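Here is the structure we will look at, set down as structure tokens.
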Amino acid sequence: MAGSSFPHAALMPPSLIGLIQVLLSAVAFGTMAILARFAYADGTTTTTLLLLRFVIAGLVLLPWVALQRLPWPTGRALLALIVMGAVGYAGMSACYFNALNHASAGTVALLLYLYPVLVLLLSMLLGERLTSLRLIALLLALSGLAVTIGLEFSARPLGLLLGVGAALIYSCYILIGSRFTAGTHPLAATCVVILSAAASYVLQSTWQGWGPPHSARGWLAIVMMALICTVAAVALFLNGLEKIGATRASLVSTVEPVVTLLLAWGLLGEPIGLSQALGGLLILGAVLLVSREADPKRTELTELHD
């Protein structure tokens, strides 16, 4: 019955389906910053925005994981995931979404995408060898960072600092996860991370206060962030990853900041400046080089981007 309704989809090879799924995931993640801007314009605060995003996403993921009877992480892996969510992912999200108040959405998205190269740099500090490909990637990324920061006159220094901080925290998140969560199901692990981040923001909101959107437009933006840019994006990425592997998934995911740049230009009226064009090309070039040797475990952990 389903096959007769979608005959062309039934004939599509799994690799093409996986490619489309990862691409749609990147588009969903790339929309996150735009929806955040809409929510901010409607009066919500960063703490409330992230609290609602994580609570809604967690309430959807929890029964989903339970219905599939996926094994929950235990022991050291569970503790690592709780810390990754409550400290690492919550901290990275705070940097990223606060950066949107001080710099353009496109610039913040590009700075976050320094994380694959930062993971590489931190890995080498922990003992991994330096190859010529890795050296070229590092030089490209540093050049892209210098161009983006040096020519981005419209951004406040705090916005640039928070954007780089988000990338650095996320790099540590990935390295910790790849070392301490081996053997855990990625969807169950994601659920623990999101619920832990939600708990962190519940605590923060007790002293920072409650600042919800003023109208249905802001609420819709936050719900879409939770359901489309988080839950659906994670599900698409993980399903696509199984079909096309870590290397190709990493390569396809590099369209995410490009999506943010284009949407910010089309929907928010943010100009695509010289710094974003040159810096973005250098940073994405570095990411493409790093993606050629993508680690499957580390790629699984990148299903949460911002």
Side-chain angles (χ1 to χ4, degrees), residues 22-23 26-27 29-34 92 95-96 99-100 102-125 128-175 246-266 268 270-295 298-299 302 305-306:
V22 174
L23 182 60
V27 171
F29 279 122
T31 310
M32 182 93 70
I34 313 303
M92 186 276 290
C95 285
Y96 181 87
L100 292 172
H102 304 282
S104 68
T107 297
V108 175
L110 286 173
L111 292 177
L112 176 65
Y113 245 76
L114 287 167
Y115 80 82
V117 181
L118 291 177
V119 169
L120 184 62
L121 179 61
L122 292 172
S123 298
M124 289 189 295
L125 292 177
E128 291 191 12
R129 65 190 181 91
L130 175 65
T131 63
S132 56
L133 183 144
R134 292 180 173 188
L135 179 59
I136 294 170
L138 286 173
L139 291 175
L140 282 174
L142 291 174
S143 300
L145 178 61
V147 169
T148 301
I149 291 178
L151 298 179
E152 183 55 77
F153 301 113
S154 62
R156 301 174 198 166
L158 180 59
L160 300 174
L161 210 61
L162 287 169
V164 175
L168 183 58
I169 294 172
Y170 193 42
S171 304
C172 296
Y173 166 94
I174 290 172
L175 282 176
T247 301
R248 293 177 70 190
S250 296
L251 288 169
V252 175
S253 292
T254 57
V255 306
E256 180 191 331
V258 178
V259 169
T260 304
L261 272 170
L262 293 175
L263 288 177
W265 170 71
L268 302 177
E270 293 182 0
I272 300 178
L274 179 64
S275 64
Q276 291 175 329
L278 292 179
L281 284 173
L282 291 168
I283 290 170
L284 293 181
V287 173
L288 289 171
L289 284 178
V290 172
S291 298
R292 293 179 59 186
E293 49 180 55
D295 182 310
R298 288 179 186 169
T299 302
T302 64
H305 295 70
D306 33 41

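Position 1 is the first residue of the sequence, and the numbers go up from there. These numbers come from the heavy atoms of this one structure, side chains and all, not from hydrogens, waters or symmetry mates. This one's a predicted model, so the numbers in the text were calculated from it and none came from an experiment.
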(message) Just to verify, what does L139 make a side chain to side chain contact (heavy atoms under 4.5 Å, CB included) with, not counting sequence neighbours?
(response) L135
(request) For the pair L145 and L282, evaluate side-chain contact (heavy atoms from CB on, under 4.5 Å) and give the outcome as yes or no after the intermediate values. (result) CA-CA 8 Å; L145 178 61; L282 291 168; over 6 Å; no
(request) Calculate, to the nearest 0.5 Å, the distance between atoms SG and CG belonging to C95 and L112 respectively. (result) 10.5 Å
(message) Quick one, Y113 with S253, criterion side-chain contact (heavy atoms from CB on, under 4.5 Å). Give me CA distance, side-chain angles, the key distance, then yes/no.
(response) CA-CA 10 Å; Y113 245 76; S253 292; 3.6 Å; yes
(message) Show the nearest heavy-atom pair for residues A141 and V117, with the distance to one decimal.
(response) CB-CG1, 3.6 Å
(message) Nearest 0.5 Å, please: how far is CG in L262 from CD in E270?
(response) 12.0 Å
(message) Working to the nearest 0.5 angstrom, can you tell me the gap between S132 OG and L289 CG?
(response) 10.0 Å
(request) First locate atom CG of L168, then atom CG of L111, and finally report the distance between them rounded to the nearest 0.5 Å. (result) 12.5 Å
(request) Measure across Y96 and A33 and return the closest heavy-atom pair with its distance rounded to 0.1 Å. (result) OH-CB, 3.5 Å
(request) For V252, enumerate each residue passing the side chain to side chain contact (heavy atoms under 4.5 Å, CB included) test, keeping only those at least two apart in sequence or located in another chain. (result) L19, V22, L23
(message) For G106, is there any backbone N or O sitting under 3.5 Å from a side-chain donor or acceptor partner on T260?
(response) no
(request) Of all the heavy-atom pairs spanning H102 and L162, show the shortest one and how long it is. (result) CD2-CD1, 4.1 Å
(message) Looking at every non-hydrogen atom in both residues, tell me the closest pair between L122 and C172 and how far apart they are.
(response) CD1-SG, 4.1 Å
(request) Report the distance from atom CG of L121 to atom CG of L142, rounding to the nearest 0.5 Å. (result) 7.5 Å
(message) For a quick test of reading the model, state the closest non-hydrogen atom pair linking G30 to L263 and the distance between them.
(response) O-CD1, 4.4 Å
(message) Return the CG to CD1 distance between L114 and I283, rounded to the nearest 0.5 Å.
(response) 4.5 Å
(message) I'd like to check the side-chain hydrogen bond (donor to acceptor under 3.5 Å, both in side chains) partners of S123; sequence neighbours left out, ordered by chain and number.
(response) R298
(message) For a quick test of reading the model, state the closest non-hydrogen atom pair linking A99 to G163 and the distance between them.
(response) CB-N, 3.9 Å
